[in-house]
Amino acid sequence: MRLPHDEIERRLAGLPGWQHEDQFIRKRFGFSSFADAVSFVNRVAEIAERRNHHPFISIDYKYVTLRFTTWHAGGLTSEDFDEAEEIERLYASKETT
Ligand SMILES: C[C@H](O)[C@H](O)[C@H]1CNC2=NC(N)=NC(=O)C2=N1
């Protein structure tokens, strides 16, 4: 279930701007307005509910920080990276307004 370190590094290489921190991967996303940041969070919430896999989310004005870990595994699993990749597609599509 928990990924070995080499697999974590391999998956991380495909995720621009994400960082490995303890048992988490994290990224800070920037937006043009607070409203856009909140809209993005709502779309992230939809994804998290569908996948039943929920990030820690913080909104700081025009920035959203997401942190993923898999609680039941006590560390990083493919669920974390799969969802991060979907969120990267969402952010690239700018379908957050
Ligand atoms: C009961 C429910 O399915 C579990 O608590 C889910 C909910 N969302 C989750 N989210 C994350 N990040 N890790 C989990 O292990 C997890 N487990």
Side-chain angles (χ1 to χ4, degrees):
M1 201 62 170
R2 279 176 57 175
L3 298 177
H5 192 73
D6 59 335
E7 180 64 9
I8 289 172
E9 294 310 310
R10 188 185 71 78
R11 294 292 305 263
L12 213 50
L15 283 168
W18 289 78
Q19 294 169 318
H20 181 191
E21 181 188 81
D22 303 328
Q23 298 300 333
F24 290 83
I25 54 170
R26 64 178 295 149
K27 179 171 180 176
R28 190 174 80 148
F29 297 85
F31 298 89
S32 56
S33 69
F34 176 68
D36 282 353
V38 172
S39 172
F40 174 73
V41 167
N42 280 303
R43 295 294 302 275
V44 169
E46 290 168 9
I47 294 168
E49 282 293 278
R50 171 165 41 82
R51 288 176 173 265
N52 191 34
H53 194 74
H54 303 82
F56 294 104
I57 303 171
S58 71
I59 304 174
D60 306 286
Y61 185 32
K62 297 192 280 189
Y63 295 93
V64 174
T65 300
L66 301 180
R67 295 168 63 233
F68 277 104
T69 192
T70 302
W71 313 330
H72 63 71
L76 288 168
T77 69
S78 57
E79 290 182 87
D80 300 303
F81 291 94
D82 293 349
E83 188 161 335
E85 286 173 359
E86 181 172 358
I87 288 166
E88 280 297 317
R89 291 193 293 274
L90 167 65
Y91 187 65
S93 72
K94 293 290 182 204
E95 285 171 12
T96 58
T97 51

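A quick note: this is a predicted structure, and the numbers were derived from the prediction, not measured. Every number for a ligand or one of its atoms is a count from 1 in the order of the listing.
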Discussion item. Tell me whether the count of non-hydrogen atoms from other residues, nucleotides or ligands lying under 6.0 Å of CZ in Arg51 goes above 12.
Written reply: yes
Worksheet item: Transitively linked via ILVMFWY side-chain contacts under 4.5 Å: Ile57 with Tyr91?
Response: yes
Practice prompt. Quick one: sort the Phe34 and Tyr61 rings into parallel, tilted or perpendicular, breaks at 30° and 60°.
Written response: parallel
Discussion item. Among residues at least two apart in sequence or on other chains, which ones pass ring pair (Phe, Tyr, Trp, His ring centres under 6.0 Å) with Phe24?
Written reply: Phe56
Worksheet entry | Shared hydrophobic cluster, Ile59 / Tyr63 (ILVMFWY, side-chain heavy atoms < 4.5 Å) | no
Item to complete: Could you give me the CA-CA distance, side-chain angles and deciding distance for Arg11 and Asp82, then say whether salt bridge (Lys or Arg N to Asp or Glu O under 4.0 Å) is met?
Response: CA-CA 9 Å; Arg11 294 292 305 263; Asp82 293 349; 2.7 Å; yes
Discussion item. Can you list every protein residue that has a heavy atom under 4.0 Å from any atom of ligand 1, sorted by chain and residue number?
Written reply: Asn52, His53, His54, Thr69, Thr70, Trp71, His72
